Number of protein chains: 2
Amino acid sequence: MQALRSIERSGICGEPIACVGCEARARGVCGALAGDQLVSLSRVSDRRVIRPGEHVGRAAGESESVSNILSGVVSLAKRLPDGRQQIVGLQFAPTLVGRPIAGDDAIEATAAGPVRVCTIPRSAFEGVLTANQAFERRVLSQALSQLDETRDLLVTLARKTALERVATYINMVVRHARPVGSPGEPGEIPLPLSRGEMADFLGLTIETVSRKMTELRKAKIVDFANAASLRILSQTRLDQAAGG
Amino acid sequence: MQALRSIERSGICGEPIACVGCEARARGVCGALAGDQLVSLSRVSDRRVIRPGEHVGRAAGESESVSNILSGVVSLAKRLPDGRQQIVGLQFAPTLVGRPIAGDDAIEATAAGPVRVCTIPRSAFEGVLTANQAFERRVLSQALSQLDETRDLLVTLARKTALERVATYINMVVRHARPVGSPGEPGEIPLPLSRGEMADFLGLTIETVSRKMTELRKAKIVDFANAASLRILSQTRLDQAAGG
DNA sequence: CGTCGGGTTGAGAATGGTCAACTTCAGTGG
DNA sequence: CCACTGAAGTTGACCATTCTCAACCCGACG
């Protein structure tokens with residue numbers, strides 16, 4: 001969780017050094033920012049690395065904040081009073097974690113694997129939200145995308161079989177692993193979640209996830225030597241197994 | 001689907017007649033509008049009544065639009081290629097139905113019971129979104145609320161038992177039936193969804209919903225003469241049955 | 001009075017959960 | 001280098017919840 005704060009500017013056009021080449025600037029909400037706004041935001045923002053299993057945005061009693069994911073995967077989990085829990089979303093770079101505007105939440109954002117984030121106090125974030133309408137539009141757009149994704153996940157959990165859910169998850173990871181143009185068959189794809197986290201995400205148990213992974217392997221749809229990565233043997237049949 | 005278009009203004013302060021006393025104006029996104037903006041929006045908006053089972057916002061080959069629910073309940077459903085379907089959200093007044101900004105959707109918004117809406121062409125809606133930042137903020141806020149609700153539903157479907165889901169649904173209806181201050185034990189509460197729709201919403205089958213309703217009745221937690229409404233006998237035990 | 005849609009109830013099947021044993025592998029210390 | 005340990009993963013046997021299929025009920029409506 002080392003703080004890499006940088007408030008220097010790069011020489012050329014006044015863009016803060018921390019923001020040069022940043023994923024959030026290229027494709028995330030910060031793309032709407034320039035000049036003074038970017039500089040003043042970068043002055044209060046804080047780049048850090050979150051270790052696997054640590055919470056995002058609640059580092060050591062600090063106040064409410066919003067974080068931009070720069071790399072890695074963050075899981076959002078909710079918990080029922082009796083302890084049952086469910087991962088309600090996985091977020092990849094470059095998306096926002098944390099409430100952009102006030103509201104009760106009770107969501108746990110946890111780093112699945114190492115995650116780099118750029119954290120901004122919520123007060124500062126809200127300031128930019130109000131000062132820059134293009135920024136607010138991007139936040140709205142991102143919220144709507146997350147709504148869509150959450151609804152898709154809802155259908156998956158409510159209507160798909162265990163095998164379909166596992167296949168759907170693998171497909172989801174594959175889509176994020178190959179950023180844009182998809183080369184036919186890549187090599188080993190790292191799985192960001194452990195079996196237990198997959199179970200939490202897919203509304204299953206560890207045992208069922210394990211069984212269905214084995215089933216996919218025995219059906220020669222995927223193959224893997226270790227549990228944490230795999231290789232797609234037939235994308236077609238994987239899509240089929242994912243059931244839409 | 002009668003069109004009740006009204007572009008007249010009320011005498012007093014220039015508020016369009018159609019907007020006087022409107023739910024969407026009191027608590028919905030239109031609360032951010034006044035004067036000319038409200039007038040010009042009301043000029044292109046269209047109040048109509050949607051009959052049960054009809055789709056919202058796709059009336060007879062019209063272009064893309066956004067609708068504000070004035071009264072009634074709208075269900076949002078997604079469908080898998082093989083026909084399995086799932087209701088991914090229920091929306092009550094005064095919330096927006098339809099994509100505020102572009103994006104692919106494939107969601108079916110259907111009236112569950114009679115619904116009154118105020119429909120606005122998306123182009124006009126986007127115009128207001130850009131012209132009035134308070135309006136955009138309300139849209140963002142509503143999107144975030146929907147995200148929260150969808151995540152709650154996700155946990156319910158992924159982790160709760162059939163009985164808990166049915167009880168959770170009843171509680172949800174109760175909360176919307178008693179708008180604000182809840183008088184202890186009200187009378188008959190109408191259930192907006194049929195058993196089949198409840199099943200689609202809760203990720204169950206009609207038979208299981210029916211059985212669990214019976215179970216709740218036999219346990220004297222609720223009571224009902226007809227299938228379409230019920231009476232709460234013990235809110236405490238209902239909360240308990242809903243499991244958080 | 002018959003039919004139709006929606007709802008309820010029952011019996012049996014099946015999917016996924018539970019509990020428990022076992023394997024694998026990384027890390028540790030002899 | 002090897003044995004030990006603990007965490008993560010796999011596999012198996014059994015069980016429970018929910019689904020499937022089918023019959024039946026009931027009220028609305030012709």
Side-chain angles (χ1 to χ4, degrees), chain A residues 51-53 75 80 82-86 110 112-113 156-170 188 190-219 222-230 241-243, chain B residues 51-53 75 80 82-86 110 112-113 156-170 190-219 222-230 241 243:
Chain A
R51 281 177 305 227
S75 75
L80 290 172
D82 64 1
R84 284 175 287 183
Q85 74 166 335
Q86 175 65 35
T110 310
T156 295
L157 297 204
R159 294 298 172 192
K160 290 189 182 176
T161 65
L163 186 67
E164 289 173 322
R165 295 186 209 182
V166 171
T168 301
Y169 166 72
I170 294 175
E188 294 283 301
L191 296 174
L193 302 188
S194 69
R195 294 291 185 271
E197 290 165 327
M198 283 175 63
D200 280 350
F201 182 56
L202 297 173
L204 299 169
T205 58
I206 292 182
E207 294 93 324
T208 300
V209 170
S210 182
R211 275 186 255 272
K212 298 305 169 182
M213 288 293 284
T214 304
E215 206 173 316
L216 287 173
R217 180 162 50 73
K218 284 190 176 158
V222 303
D223 196 17
F224 48 91
N226 58 336
S229 75
L230 55 70
Chain B
R51 280 177 304 229
S75 76
L80 290 173
D82 64 0
R84 283 175 287 183
Q85 74 166 334
Q86 175 65 34
T110 310
T156 295
L157 297 204
R159 294 297 172 190
K160 289 190 183 176
T161 66
L163 186 68
E164 288 173 324
R165 295 186 211 183
V166 171
T168 301
Y169 167 72
I170 293 175
L191 295 174
L193 303 188
S194 69
R195 294 290 184 271
E197 290 166 326
M198 283 174 63
D200 279 351
F201 182 55
L202 297 172
L204 299 170
T205 59
I206 292 182
E207 295 94 324
T208 301
V209 170
S210 181
R211 275 186 254 271
K212 298 306 170 182
M213 289 293 285
T214 304
E215 206 173 317
L216 286 173
R217 180 163 51 72
K218 285 189 176 159
V222 303
D223 196 17
F224 48 91
N226 58 336
S229 75
L230 56 69

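Computed from a predicted structure; not experimentally measured. Values below: every heavy atom of this structure, side chains too, minus hydrogens, waters and symmetry copies.
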*Asks:* Taking atom P of C:dT15 as reference, at what distance in whole Å does atom NZ of A:K160 sit?
*Replies:* 17 Å
*Asks:* Between A:L193 and B:T208, which is nearer to the 5' end of DNA chain D once each is assigned its nearest nucleotide?
*Replies:*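 Of the two residues, A:L193 wins.
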*Asks:* Quick check against the 3.5 Å criterion: does B:R165 have a side-chain atom that pairs as donor or acceptor with the backbone of B:K160?
*Replies:* yes
*Asks:* Whole-Å distance between D:dG27 P and B:F224 CZ?
*Replies:*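 Answer to the nearest Å: 14 Å.
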*Asks:* To the side chain of B:A162, which of D:dG9, C:dG16, D:dT18 is closest?
*Replies:* D:dT18
*Asks:* Please give, in whole Å, the distance from C:dG17 P to A:L163 CG?
*Replies:* 13 Å
*Asks:* Less than 4.0 angstrom from a charged side-chain N to a carboxylate O is my criterion; do A:K218 and A:E215 meet it?
*Replies:* no
*Asks:* Whole-Å distance between D:dC19 C1' and B:L204 CG?
*Replies:* 10 Å
*Asks:* Can you give me the closest heavy-atom contact between A:R84 and B:R159, atom names plus distance?
*Replies:* NH1-O, 2.9 Å
*Asks:* Would you say C:dG17 has OP1 or OP2 under 4.0 Å from some side-chain N or O of A:T205?
*Replies:* yes
*Asks:* Which comes earlier along DNA chain C counting from the 5' end, the contact point of B:E207 or that of A:V209, where each point is its nearest nucleotide?
*Replies:* B:E207
*Asks:* Could one point to a donor on the side chain of A:R211 or the base of D:dG12 with an acceptor on the other under 3.5 Å away?
*Replies:*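 Side chain to base: pair found, below 3.5 Å.
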*Asks:* Using atom CZ of A:R195 as one end and atom P of C:dT24 as the other, report the distance to the nearest whole Å.
*Replies:* 15 Å
*Asks:* Looking only at heavy atoms, which two atoms of A:T205 and A:A199 are closest? And how far apart?
*Replies:* C-CB, 3.5 Å
*Asks:* Given atom CD of B:E215 and atom C1' of C:dG10, what is their separation to the nearest angstrom?
*Replies:* 15 Å
*Asks:* What integer distance in Å separates B:I206:CD1 from D:dT18:C1'?
*Replies:* 15 Å
*Asks:* In whole Å, I'd like the distance from the CZ atom of B:R165 to the C1' atom of D:dT17.
*Replies:*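 My rounded result for the distance is 10 Å.
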